[in-house]
Structure formats: structure tokens, C-alpha cells
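Residue numbers count from 1 along this sequence.
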Amino acid sequence: MNTEAVSSSQAEADTRRWLERAVIGLNLCPFAKAVHVRGQIHYAVYLPNQEDGLIDALIAEANALAVCEPSERDTTLLIAPNTLADFLDFNDFTARADRALARMGFEGQFQLASFHPRFQFAGTDADDVTNATNRAPYPTLHLLREDSVSRAVDAFPDAEAIFGRNIDTLEALGAEGWAALDVGPRGATR
């Protein structure tokens, strides 16, 4: 990640590029294209370089999502480009954030997914291309509506196979193919 602070506009632009080129372009999430095309994804950016207020920002985004109609805003990506650069710290933070959402009454209403530029599955090497299934340009917390996830899974005949298909896609693409997508932070790729 960049050592200089990343602006809100840059974080959002980089995240949109990743979503369009990797998540949608490689069909890593077959549910992402529809909400993207309909403009139902809300991008929020947390700029401080300390994680102290990030859970509060996540709760604020959950509250905002809860009062929006799904047709207006179905999901939220909260991007934190200037903090939690260490994946293990981010992973610990995500567990705390999940508990905070439950304490605030959002259990059963929202799911929390997470993405990180250094995401690593247990038992894999850091440079294993399959880790890219959960890699985004910056630490990102994804709020998903439980109802929307349920409808999407019901409509997708073999939702359990998505993960395996993604692994196959990334292995076929390889590290060079992933790098060619140019879905990292702009400052790091230019």
C-alpha cells in the first residue's frame, strides 16, 4: 500500500476499477454486476490513518443502509485506505466489527464481508494467486443485506460452487494475469 495518505476520490476510483475489472470482469461474484449496473452500491471512505473510529463509521453506514430502500442502495463498501495495512490486524478488526454490528441489532439484517490487499487464506503462501479472490486495493468492509444475499443464492443454481470456480479462474489466470488487470492502488502501479 502507499505510504502517503490516499484521498477519498482515489480510494473510490481504485475500488470501482477493482470491482469492474476483477469482481465483475472475472465473475468472481455473480451477484455484483446487477447491483453495480443499477447503481445500488454505495461507496464510503474512512480516511483517518488510525482504526479508532472505523467501527463507528461502519455502524453509521449500517444505519444509513437500513433506512434506504434496496432498490436505491442495496449494499455498501466502506473503504479504509489509510489504516489496517497489516492483514492479521485487519482480520482481528473484522471480527470485532462483526460483533459490534450484532450488538447494534444488525444480526440477521446485514452480513459483513471483508477484502484486503494482503488477504491470505490459511495454509497458502502470501503470493498464491488464489488469495486474490478476497483482495481489494485497500482494506474494505462490505455490508450486504441478508435478504438480498438469500434472494441471490436462491436464484443461483449452484452458489456453493462459486468459491471453487473462483479458485480455478485465478489459477488459470495466474499471477501475471492478475497483475495485468491493474486492480491495485493507482499509486502502487504507476
Between [X] and [Y], is any side-chain donor less than 3.5 angstrom from a side-chain acceptor?
| X | Y | value |
| --- | --- | --- |
| E146 | Q111 | yes |
| T83 | N49 | no |
| S114 | H142 | no |
| N166 | T133 | no |

Please report the closest heavy-atom contact between [X] and [Y], naming both atoms and the distance.
| X | Y | value |
| --- | --- | --- |
| P185 | Y138 | CB-OH, 3.4 Å |
| C68 | R145 | O-NH2, 2.8 Å |
| F121 | F163 | CZ-CE1, 3.5 Å |
| P81 | V6 | CB-CB, 3.7 Å |
| L19 | A32 | CD1-CB, 4.4 Å |

Measuring only between side-chain heavy atoms, which start at C-beta, is [X] closer than 4.5 Å to [Y]?
| X | Y | value |
| --- | --- | --- |
| F31 | I162 | yes |
| E171 | T130 | yes |
| L54 | L84 | yes |
| N27 | R165 | yes |
| Y43 | I41 | yes |
| P137 | V183 | no |
| L58 | L112 | yes |
| S148 | R151 | yes |

Under 3.5 Å donor-acceptor, [X] side chain and [Y] backbone:
| X | Y | value |
| --- | --- | --- |
| Q40 | S71 | yes |
| R118 | A85 | yes |
| D74 | V35 | no |
| W18 | R135 | yes |
| D125 | D128 | no |
| T140 | I79 | no |

- Message: Less than 4.0 angstrom from a charged side-chain N to a carboxylate O is my criterion; do R17 and D14 meet it?
- Response: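 D14 and R17: salt-bridged.
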- Item | Salt-bridge present (R73, E69; N to O < 4.0 Å) |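 Here R73 does not pair with E69 in a salt bridge, since their nearest N and O are not under 4.0 Å apart.
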Please report the interatomic distance [atom1]([X]) to [atom2]([Y]), rounded to the nearest 0.5 Å.
| X | Y | atom1 | atom2 | value |
| --- | --- | --- | --- | --- |
| N91 | Q120 | CG | CD | 11.0 Å |
| H42 | E72 | NE2 | CD | 10.5 Å |
| L143 | L141 | CG | CG | 7.5 Å |
| L173 | L181 | CG | CG | 5.5 Å |
| N82 | E51 | CG | CD | 13.5 Å |
| T75 | H36 | OG1 | NE2 | 13.0 Å |

- Item | Partners meeting ring-ring contact (aromatic ring centres under 6.0 Å, His included) with F87 (sequence neighbours left out) |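 By the ring-ring contact (aromatic ring centres under 6.0 Å, His included) rule, F87 matches H116, F119.
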- For F110, check ring-ring contact (aromatic ring centres under 6.0 Å, His included) against everything at least two apart and list the hits.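 Result, ring-ring contact (aromatic ring centres under 6.0 Å, His included) vs F110: F106.
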- Output all residues satisfying salt bridge (Lys or Arg N to Asp or Glu O under 4.0 Å) with R21, sequence neighbours left out; order by chain, then residue number.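 Once residues adjacent in sequence are excluded, the partners of R21 under the salt bridge (Lys or Arg N to Asp or Glu O under 4.0 Å) criterion are D182.
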- salt bridge (Lys or Arg N to Asp or Glu O under 4.0 Å) between E20 and R16, intermediate numbers included: CA-CA 6 Å; E20 292 167 355; R16 283 179 184 269; 5.4 Å; no
- Message: Working note: I55 + L101, criterion side chain to side chain contact (heavy atoms under 4.5 Å, CB included); need CA distance, chi angles, decisive distance, verdict.
- Response: CA-CA 9 Å; I55 285 181; L101 285 169; over 6 Å; no
